[in-house]
Amino acid sequence: MYVAIEGIDTAGKSTQLDILKGKFPNAVFTKEPGGTKLGLKLREMILNGEANSSLAEMFMFLADRAEHTKEIIVKNQNKLIISDRSFISGIAYAKDKKIEDLIELNRLATSNNFPKKVILLELTKDELQKRLSKKPNDSIEKRGLDYLLDIQARLRETIIKLDIEHIFIDASLNIKDIEKKIEDFINE
Ligand SMILES: Nc1ncnc2c1ncn2[C@@H]1O[C@H](COP(=O)(O)OP(=O)(O)OP(=O)(O)O)[C@@H](O)[C@H]1O
Ligand SMILES: Cc1cn([C@H]2C[C@H](O)[C@@H](COP(=O)(O)O)O2)c(=O)[nH]c1=O
């Protein structure tokens with residue numbers, strides 16, 4: 001089963017994934033962008049802000065996703081796969097593109113291999129500001145609070161629009177409480 005953890009920058013995805021690796025030792029843990037050798041090169045170029053064109057950036061994420069689908073998702077389809085982000089981030093972060101167009105582009109990139117379950121960690125503006133202030137910000141994070149909160153709303157909208165089995169979790173809850181909610185959702 002293919003499961004994705006979604007959330008804007010600093011929502012707590014990596015923190016939860018580190019715990020989940022101990023709870024699901026036989027699962028395949030991966031991420032977008034950067035889940036493959038090619039994806040790591042694409043991730044570095046994107047997060048260093050090397051694309052001047054938003055369309056070029058979008059296609060770089062789609063290229064990462066196509067490689068990730070072929071090399072990780074399809075090759076491990078009989079296992080539990082838990083991914084840090086997915087095509088849902090791809091749709092939500094491409095703010096200047098139509099969701100309908102993005103859905104079709106992502107169907108092509110993933111050969112229709114969408115996650116079966118999605119966990120969305122959601123931050124308040126205050127908590128996001130606090131967490132962003134504690135770390136160096138990459139080119140996307142530098143676009144600011146309102147940009148990221150709009151992305152968060154698009155993540156929620158996309159999950160609902162595509163009717164994917166999901167759970168929305170308050171990312172400011174205690175780390176252990178969040179983990180239990182995620183574990184129970186994956187196991188249900
Ligand atoms: N439930 C929580 N309560 C308080 N702080 C948290 C919680 N979960 C994570 N954090 C802290 O928030 C920061 C960001 O967490 P983390 O790196 O896991 O987020 P992320 O979603 O992986 O971020 P990014 O997408 O930017 O890599 C870290 O300093 C982490 O310790
Ligand atoms: C998959 C995907 C991601 N993004 C953005 C979201 C983040 O700002 C970065 C990835 O960094 P992280 O450390 O993995 O959170 O890229 C995007 O804009 N489009 C996508 O498809």
Side-chain angles (χ1 to χ4, degrees), residues 4-21 29-36 38-51 53-69 72-73 82-97 99 101-103 105-110 114-115 118-124 126-145 147-152 154-155 158-159 168-183:
I5 296 190
E6 291 284 358
I8 56 176
D9 308 58
T10 74
K13 301 182 297 301
S14 302
T15 300
Q16 291 301 323
L17 285 160
D18 287 345
I19 302 168
L20 291 169
K21 285 171 184 171
F29 287 87
T30 187
K31 67 180 180 180
E32 291 187 3
T36 63
L38 172 65
L40 281 171
K41 294 176 183 177
L42 289 163
R43 178 186 174 91
E44 184 180 353
M45 289 190 288
I46 295 166
L47 298 191
N48 287 341
E50 294 183 33
S53 152
S54 65
L55 196 58
E57 183 179 276
M58 181 194 76
F59 280 116
M60 290 165 82
F61 279 116
L62 286 167
D64 167 80
R65 188 156 303 121
E67 184 81 355
H68 186 235
T69 298
I72 306 298
I73 305 302
I82 303 178
S83 182
D84 181 350
R85 296 190 184 280
S86 69
F87 84 102
I88 294 165
S89 280
I91 293 174
Y93 277 81
K95 283 180 69 182
D96 55 346
K97 310 291 185 304
I99 287 190
D101 294 343
L102 293 164
I103 291 170
L105 284 168
N106 279 280
R107 286 199 190 282
L108 180 65
T110 63
F114 286 173
V118 177
I119 298 110
L120 176 59
L121 302 178
E122 295 183 299
L123 286 170
T124 62
D126 288 348
E127 185 69 15
L128 174 59
Q129 184 164 31
K130 187 170 80 172
R131 296 190 189 182
L132 281 176
S133 67
K134 291 179 180 176
K135 60 168 284 195
N137 295 163
D138 63 37
S139 63
I140 291 171
E141 291 161 345
K142 285 174 181 168
R143 295 173 189 169
L145 290 174
Y147 172 86
L148 289 170
L149 289 168
D150 183 37
I151 299 298
Q152 181 169 269
R154 281 171 63 91
L155 286 166
T158 302
I159 292 165
F168 297 146
I169 301 175
D170 176 355
S172 62
L173 291 175
N174 175 286
I175 289 172
K176 286 188 167 54
D177 292 343
I178 294 172
E179 191 283 325
K180 183 69 167 63
K181 289 177 182 285
I182 294 172
E183 188 179 347

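Counting convention: from 1, in listed order, for ligands and their atoms alike.
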Inset, instruction - Please test I19 against E183 for side-chain contact (heavy atoms from CB on, under 4.5 Å), starting from the C-alpha separation and ending with a verdict. - result: CA-CA 10 Å; I19 302 168; E183 188 179 347; over 6 Å; no
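In this structure, the side chain of N174 engages the main chain of K176 through a donor-acceptor pair within 3.5 Å. Using modelled atom types, one side-chain atom of Q152 and one backbone atom of L123 make a donor-acceptor pair closer than 3.5 Å. A donor-acceptor pair under 3.5 Å links the side-chain atoms of D64 to the main chain of G34, judged by distance alone. A donor-acceptor pair under 3.5 Å is formed between the side chain of E6 and the backbone N or O of S86. When atom types are taken as modelled, the side chain of R85 and the backbone of G7 share a donor-acceptor pair closer than 3.5 angstrom. At distances below 3.5 Å, not a single donor-acceptor pair connects side-chain atoms of E127 with backbone N or O atoms of S172. Put simply, the side chain of D177 never gets that close to the backbone of L173: no donor and acceptor are under 3.5 Å apart.
Of the protein's heavy atoms, at least one falls inside 4.0 Å of atom 7 (C) of ligand 1.
Of the heavy atoms in L47, only side-chain atoms (C-beta onward) come closer than 4.0 Å to ligand 2. Counting heavy atoms closer than 4.0 Å to ligand 1, residue R85 contributes side-chain atoms (C-beta onward) but none from N, CA, C or O. With a heavy-atom cut-off of 4.0 Å, K13 touches ligand 1 through backbone and side chain alike. Residue-level proximity to ligand 1 for Q16 is absent, since no heavy atom of it falls below 4.0 angstrom.
Summary of contacts: the protein heavy atom closest to atom 13 (O) of ligand 2 is R43 NH2, 2.9 Å. What sits closest to atom 19 (O) of ligand 1 on the protein, heavy atoms only, is G12 N, 3.1 Å. Counting only heavy atoms of the protein, atom 23 (O) of ligand 1 lies nearest to T10 N, 2.9 Å. Given atom 7 (C) of ligand 2, the protein heavy atom at minimum distance is D9 OD2, 3.4 Å. In terms of protein heavy-atom proximity, atom 5 (C) of ligand 2 is closest to I140 CD1, 3.7 Å.
If you check the side chains of T10 and K134, you find no donor sitting under 3.5 Å from an acceptor. Under the 3.5 Å distance criterion, with hydrogens and angles disregarded, no donor-acceptor pair is assigned to the side chains of S83 and E32.
The distance from ligand 2 to the heavy atoms of G90 drops below 4.0 Å at these ligand atoms: 20 (C), 21 (O). The distance from ligand 1 to the heavy atoms of I178 drops below 4.0 Å at these ligand atoms: 1 (N). Each of the following atoms of ligand 1 lies closer than 4.0 Å to a heavy atom of K135: 26 (O).
Where the criterion is an N or O separation shorter than 3.5 Å, residue side chain and backbone included, P33 fails it with respect to ligand 2.
When E32, K31, K13 are checked for heavy-atom proximity to atom 1 (C) of ligand 2, E32 turns out nearest. When the heavy-atom distances from atom 5 (N) of ligand 1 to K130, K176, R131 are ranked, the shortest goes to R131. For the residues F87, Y93, F61, Y147, the heavy atom positioned nearest atom 3 (C) of ligand 2 is part of F61. Distances from atom 22 (O) of ligand 1 to the heavy atoms of A171, S14, S172 put S14 nearest. Relative to atom 31 (O) of ligand 1, the option among D84, T15, L173, L128 with the closest non-hydrogen atom is T15. Selection from M58, R65, R85, K95 by nearest heavy atom to atom 21 (O) of ligand 2 gives R65.
At a 4.0 Å cut-off, not a single heavy atom of G7 sits close enough to ligand 1 to count as contact. Taking 4.0 Å as the cut-off, E57 does not count as a neighbour of ligand 2 on heavy-atom distance.
F114 places a side-chain heavy atom less than 4.5 Å from the side chain of R107. Using a 4.5 Å heavy-atom cutoff, the side chains of R43 and M60 are not in contact.
Screening I169, V118, L20 for a side-chain contact (heavy atoms from CB on, under 4.5 Å) with I5, the sole residue that qualifies is L20.
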